[in-house]
Protein chains: 2
Amino acid sequence: MATLNSTKDFSPVEDAENIKKACLGWGTDEKAIISILGHRNSFQRKLIRLAYEEIYQEDLITQLKSELSGDLERAICLWTLEPADRDAVLANEALRKPILDYRVIIEISCVKSPEDLLATKRAYRFRYKHSLEEDVASRSHTSRDIRKLLVAVVSAYRYDGAEIDDKVAHLEAEILHGDISEKAFNNEELIRILTTRSKSQLKATFNRYKDIHGTSITKDLLGDPADEYFAALRMVIRCIRDPKKYFAKILRCAINTKGTDEDALSRVIVTRAEKDLKEIKELYMKRNNIALDAAVGRDTSGDYKAFLLALLGDDEINN
Amino acid sequence: MATLNSTKDFSPVEDAENIKKACLGWGTDEKAIISILGHRNSFQRKLIRLAYEEIYQEDLITQLKSELSGDLERAICLWTLEPADRDAVLANEALRKPILDYRVIIEISCVKSPEDLLATKRAYRFRYKHSLEEDVASRSHTSRDIRKLLVAVVSAYRYDGAEIDDKVAHLEAEILHGDISEKAFNNEELIRILTTRSKSQLKATFNRYKDIHGTSITKDLLGDPADEYFAALRMVIRCIRDPKKYFAKILRCAINTKGTDEDALSRVIVTRAEKDLKEIKELYMKRNNIALDAAVGRDTSGDYKAFLLALLGDDEINN
């Protein structure tokens with residue numbers, strides 16, 4: 001469930017006008033912007049952006065970029081984009097980093113439904129005049145194994161029905177176990193299974209793996225913690241097996257890292273606030289003995305903090 | 001341009017009734033069925049199928065399957081399916097053969113536009129409860145290299161704009177040439193380029209290749225004629241570079257092979273009759289000094305021949 005408290009009565013024109021007002025004059029009224037955009041759902045934000053464009057002949061996001069800065073700017077701009085377009089921007093951002101942030105690519109590829117992943121790939125092509133696969137595949141300075149894995153997960157257009165073939169689950173659990181035992185982690189069979197089978201089928205295969213061998217596949221994949229390929233493989237499995245648990249973990253790492261990883265923090269809160277952030281918060285609480293809101297409040301400050309708390313459904317302004 | 005002569009005034013209900021009439025009683029009136037379906041475009045056939053279902057509570061294709069047989073049955077049933085669904089059926093048929101017919105998979109993946117390929121993959125998932133990638137990837141008894149190439153072309157969701165990067169074309173022409181000179185045909189770079197770049201970009205790269213090295217890339221790839229991986233690579237390049245020429249060649253081979261390859265003959269005529277069969281016919285004439293209609297007429301017989309000639313726009317019945 002979502003954590004966002006969105007308003008029921010709203011006028012896109014009034015919102016657009018109020019945002020413009022907050023941007024005029026000396027300095028920007030960040031609080032006003034947060035109180036509006038932090039309480040509008042995806043469809044409402046779309047209408048505000050259309051109204052803003054219509055009234056001021058200017059793109060709302062361009063305006064926000066020129067008025068805001070730092071973590072707040074990034075978070076609000078991501079939030080204002082439509083989901084598929086936002087993920088395209090996140091993927092491109094990850095690809096342009098000196099060290100490719102493979103987590104983002106895996107997250108987008110393995111958490112989203114096949115149709116949503118497709119919408120993101122379509123948005124990416126529209127924005128960057130390249131396909132996402134193409135940019136992942138031609139990315140140099142990335143290890144060959146990781147690149148191979150990323151191209152395969154990004155290209156996947158999995159079946160998304162609930163049907164499961166038990167025989168296949170058993171057979172492929174054994175193939176995975178064989179590859180892992182022989183340390184053939186970049187074996188094509190392993191990659192084929194993880195990147196082409198439907199998520200329901202893979203969950204059945206992972207369960208079968210545990211039934212037969214007594215340990216989970218991710219435990220068996222715990223290799224050298226510094227080996228990024230291992231980490232990427234485990235991440236693919238986690239994103240497919242239990243995305244909420246995965247996101248709770250990403251939030252924990254983002255908050256616990258020295259200096260806070262604001263990029264990851266904003267990414268998860270912005271992308272999940274209208275989906276399953278409520279359950280992610282519960283998992284976070286259970287695992288860390290502190291509420292996510294409290295942890296975020298402790299680690300961030302100012303308007304950025306106010307905005308994240310608004311998306312977490314934990315602020316006093318209930319617009 | 002299309003070769004199909006479709007009628008302008010038509011009633012889906014009347015057509016459905018006339019097809020039913022042709023199926024009733026002793027024997028089937030194949031000529032009546034051909035005179036109707038052989039002169040209806042894709043949208044008209046869809047309406048006939050809907051009308052048939054509505055009136056007789058029976059699927060038209062199931063009915064046709066029970067009334068017709070052999071090459072005529074296969075051709076008319078393929079023709080009656082919607083294009084994306086038809087390609088899904090063709091792909092599945094190719095995958096179920098004892099020796100995988102990789103030509104069909106390459107054709108579908110490399111000739112269709114990215115959006116049409118996607119529609120086919122969606123139809124495949126709907127029909128077979130598996131993704132097409134998954135079934136290609138898990139296909140055993142196929143050489144590892146061919147499978148790797150097929151999975152990559154099937155998974156591609158290329159950018160389809162006209163923008164070209166000349167620097168990339170030059171650089172990648174040299175990478176391709178390097179791999180080919182070193183006989184590293186299954187090199188990942190070669191596969192990456194062929195399967196992720198946009199078709200416009202690839203055409204520029206192939207041209208650059210010829211400019212620099214004086215021979216075309218397909219000529220440089222002429223290896224052992226019995227090596228299927230070479231043949232598959234050349235086919236990928238040909239389908240991207242010039243699909244019409246590719247189809248003219250497939251028709252030539254289908255007709256000139258001992259006993260005629262009816263599967264390929266029907267496939268090309270059925271899938272191209274509403275697209276570019278006119279230009280394919282011209283290319284065929286130029287290369288073989290015989291009109292395609294005459295060649296088809298010589299090699300086939302009976303109702304099957306009548307149906308193919310109808311799709312080729314060369315029959316006396318102009319319904």
Side-chain angles (χ1 to χ4, degrees), chain A residues 109 113-115 117-140 144-145 147-148 150-165 167-168 171-172 175 186-202, chain B residues 109 113-115 117-140 144-145 147-148 150-165 167-168 171-172 175 186-202:
Chain A
S109 309
S113 75
E115 290 304 324
L117 170 57
L118 193 68
T120 298
K121 294 204 273 187
R122 200 172 269 140
Y124 191 98
R125 291 197 326 178
F126 185 73
R127 226 175 217 276
Y128 303 107
K129 312 288 172 210
H130 274 166
S131 76
L132 176 55
E133 290 94 315
E134 180 177 9
D135 285 352
V136 172
S138 61
R139 162 83 207 207
S140 40
R144 211 179 124 230
D145 283 344
R147 209 167 55 183
K148 211 162 98 182
L150 293 183
V151 171
V153 289
V154 153
S155 306
Y157 181 57
R158 304 175 196 263
Y159 173 60
D160 61 356
E163 294 88 346
I164 285 164
D165 185 328
K167 256 166 56 190
V168 168
L171 180 75
E172 298 193 341
I175 294 177
N186 54 3
N187 191 306
E188 272 158 35
E189 280 291 276
L190 184 139
I191 293 182
R192 166 185 75 77
I193 294 169
L194 291 181
T195 61
T196 66
R197 290 300 186 197
S198 76
K199 293 182 189 175
S200 310
Q201 180 67 41
L202 280 173
Chain B
S109 308
S113 74
E115 290 304 324
L117 170 57
L118 193 68
T120 297
K121 294 204 274 186
R122 201 171 270 140
Y124 192 97
R125 292 199 324 179
F126 185 74
R127 227 175 218 277
Y128 304 108
K129 311 289 172 207
H130 274 166
S131 76
L132 176 55
E133 292 92 317
E134 180 178 8
D135 284 353
V136 172
S138 61
R139 162 83 205 207
S140 43
R144 211 180 122 230
D145 284 342
R147 211 166 55 182
K148 210 162 98 184
L150 294 183
V151 171
V153 290
V154 155
S155 306
Y157 181 56
R158 305 176 195 263
Y159 173 61
D160 61 356
E163 294 88 347
I164 283 163
D165 185 328
K167 258 167 52 191
V168 169
L171 180 75
E172 298 194 340
I175 294 177
N186 53 2
N187 192 308
E188 272 159 35
E189 280 291 276
L190 184 139
I191 293 182
R192 166 185 73 77
I193 294 170
L194 292 181
T195 61
T196 66
R197 292 300 185 198
S198 77
K199 292 182 190 174
S200 310
Q201 179 66 42
L202 280 173

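Keep in mind the model is a prediction, meaning the values are calculated, not measured. First the proteins, then the strands, lettered A, B, ... as listed; each starts at 1.
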Trainee: Would you say the side chain of B/Ser198 lies within less than 4.5 Å of the side chain of A/Arg125, judging by non-hydrogen atoms?
Mentor: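 A side-chain contact under 4.5 Å is absent here.
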Trainee: Using a 4.5 angstrom heavy-atom cutoff, name the option from A/Leu118, A/Ile193, A/Val151 with the most pairs to chain B.
Mentor: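 Among the listed options, the one with the most contacts to chain B is A/Leu118.
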Trainee: Check whether B/Ala156 gets within reach of chain A through its side chain, its backbone, both or neither, counting any heavy atom under 4.5 Å.
Mentor: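 Only the backbone of B/Ala156 comes within 4.5 Å of chain A.
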Trainee: Which distance, rounded to the nearest 0.5 Å, do you find between the OH of A/Tyr159 and the CG of B/Leu132?
Mentor: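 Those atoms lie 14.5 Å apart.
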Trainee: Can you tell which of A/Arg144, A/Glu172, A/Lys121 has the highest number of heavy-atom pairs within less than 4.5 Å of chain B?
Mentor: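 Sorted descending by pairs with chain B, the first entry is A/Arg144.
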Trainee: For A/Tyr124, which residues count as a side-chain hydrogen bond (donor to acceptor under 3.5 Å, both in side chains) partner, sequence neighbours excluded?
Mentor: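 A/Tyr124: side-chain hydrogen bond (donor to acceptor under 3.5 Å, both in side chains) contacts with A/Asn92, A/Asp135.
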Trainee: Determine the option with the most heavy-atom pairs under 4.5 angstrom with chain B, choosing from A/Val168, A/Val154, A/Asp160, A/Thr195.
Mentor: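 Winner by heavy-atom pair count: A/Asp160.
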Trainee: Using heavy-atom distances under 4.5 Å, tell me whether B/Asp165 contacts chain A through its side chain, its backbone, both, or neither.
Mentor: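 For B/Asp165, there is no contact with chain A at all, as no heavy atom is under 4.5 Å.
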Trainee: Hey, are B/Glu115 and A/Arg122 close enough for a salt bridge, meaning a charged N less than 4.0 Å from a carboxylate O?
Mentor: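 Yes, this pair counts.
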Trainee: So, B/Lys199 and A/Glu134, do they make that salt bridge, N to O below 4.0 Å?
Mentor: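 No salt bridge links B/Lys199 with A/Glu134.
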Trainee: Any side-chain heavy atom of B/His130 within less than 4.5 Å of one from A/Thr196?
Mentor: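 The answer is no, as the side chains (C-beta and beyond) never meet within the 4.5 Å cut-off.
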Trainee: Compare all side-chain heavy atoms of B/Arg197 with those of A/Ser131 and state whether any distance is below 4.5 angstrom.
Mentor: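 Contact flag for B/Arg197/A/Ser131 side chains = no.
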Trainee: As an exercise, state the distance from CD of A/Glu133 to OG of B/Ser155, rounded to the nearest 0.5 Å.
Mentor: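 Result: 8.0 Å between the selected atoms.
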Trainee: Which value, rounded to the nearest 0.5 Å, describes the distance between A/Lys148 atom NZ and B/Lys148 atom NZ?
Mentor: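 A/Lys148 atom NZ to B/Lys148 atom NZ measures 6.5 Å (nearest 0.5 Å).
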Trainee: Between B/Glu163, B/Arg192, B/Arg158, B/Lys129, which residue shows the highest count of heavy-atom pairs closer than 4.5 Å to chain A?
Mentor: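 Most pairs with chain A among the choices: B/Lys129.
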Trainee: Checking heavy atoms, do the side chain of B/Ser138, its backbone, both or neither come under 4.5 Å from chain A?
Mentor: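 Backbone plus side chain of B/Ser138, per the 4.5 Å heavy-atom cut-off to chain A.
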